[in-house]
Amino acid sequence: NTINTMGNFTFNEPNYKECIIEWLDTKEREQVTISIGGINPTFDDYIFYDCRNEEDFNNLKDKNSGEDFYIVEVLD
């Protein structure tokens with residue numbers, strides 16, 4: 001992660017992943033952006049879901065993660 005400074009605040013730039021998710025109820029798939037490690041307020045409107053860390057992100061690949069969707073594919 002890159003460290004950026006804005007005013008008096010320093011924060012780790014989040015890692016963004018483009019993913020294909022599948023909704024559990026409808027089986028519909030869509031492409032979304034998921035952040036890992038927080039959301040930069042500049043991009044808040046474009047983020048589908050925020051994970052605290054890589055472990056949380058990897059848990060979303062499991063249909064039984066407790067969410068209404070799961071990650072089918074992580075795009076490059």
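By convention here, the first residue in the shown sequence is residue 1.
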*Asks:* Ile20 and Phe69: same hydrophobic cluster, using ILVMFWY side-chain contacts below 4.5 Å?
*Replies:* no
*Asks:* Apply the test side-chain contact (heavy atoms from CB on, under 4.5 Å) to residues Trp23 and Asp68: give CA-CA distance (whole Å), side-chain angles for both, the deciding distance (0.1 Å), then the verdict.
*Replies:* CA-CA 6 Å; Trp23 294 99; Asp68 296 336; 4.0 Å; yes
*Asks:* Find the distance between CD (Glu54) and NZ (Lys17) and round it off to the nearest 0.5 Å.
*Replies:* 5.5 Å
*Asks:* CD of Gln31 to CD of Glu73: how many Å apart, nearest 0.5 Å?
*Replies:* 9.0 Å
*Asks:* Could you walk me through whether Ser65 and Asn59 satisfy the side-chain hydrogen bond (donor to acceptor under 3.5 Å, both in side chains) test, starting with their C-alpha distance in whole Å, then the side-chain angles of each, then the deciding distance to 0.1 Å, before giving a yes or no?
*Replies:* CA-CA 6 Å; Ser65 70; Asn59 286 339; over 6 Å; no
*Asks:* Grab the two heavy atoms, one from Tyr16 and one from Ile47, that are nearest each other, plus how far apart they are.
*Replies:* CE2-CD1, 3.2 Å
*Asks:* Using a 4.5 Å cut-off on heavy atoms from C-beta on, say whether the side chain of Lys61 contacts that of Val74.
*Replies:* yes
*Asks:* Working to the nearest 0.5 Å, report the span between CZ of Arg52 and CD1 of Ile36.
*Replies:* 12.5 Å
*Asks:* What pairs meet the salt bridge (Lys or Arg N to Asp or Glu O under 4.0 Å) rule with one or both residues in residues 25-34, with sequence neighbours excluded?
*Replies:* Glu22-Arg29
*Asks:* Does atom NZ of Lys63 have more than 12 heavy-atom neighbours, drawn from other residues, nucleotides or ligands, at distances under 6.0 Å?
*Replies:* no
*Asks:* Distance check, rounded to the nearest 0.5 Å: Ser35 atom OG versus Phe48 atom CZ?
*Replies:* 11.5 Å
*Asks:* Going from CG on Asn15 to CD1 on Ile34, what distance comes out if it is rounded to the nearest 0.5 angstrom?
*Replies:* 11.5 Å
*Asks:* Look up atom SG in Cys51 and atom CG in Leu60, then write down how far apart they are to the nearest 0.5 Å.
*Replies:* 4.5 Å
*Asks:* Might you point out which heavy atoms bring Asn53 and Asp56 nearest each other, and give the distance in Å?
*Replies:* OD1-N, 2.8 Å
*Asks:* If every non-hydrogen atom of Glu67 is compared with every non-hydrogen atom of Tyr49, which pair is closest and at what distance?
*Replies:* OE2-OH, 2.9 Å
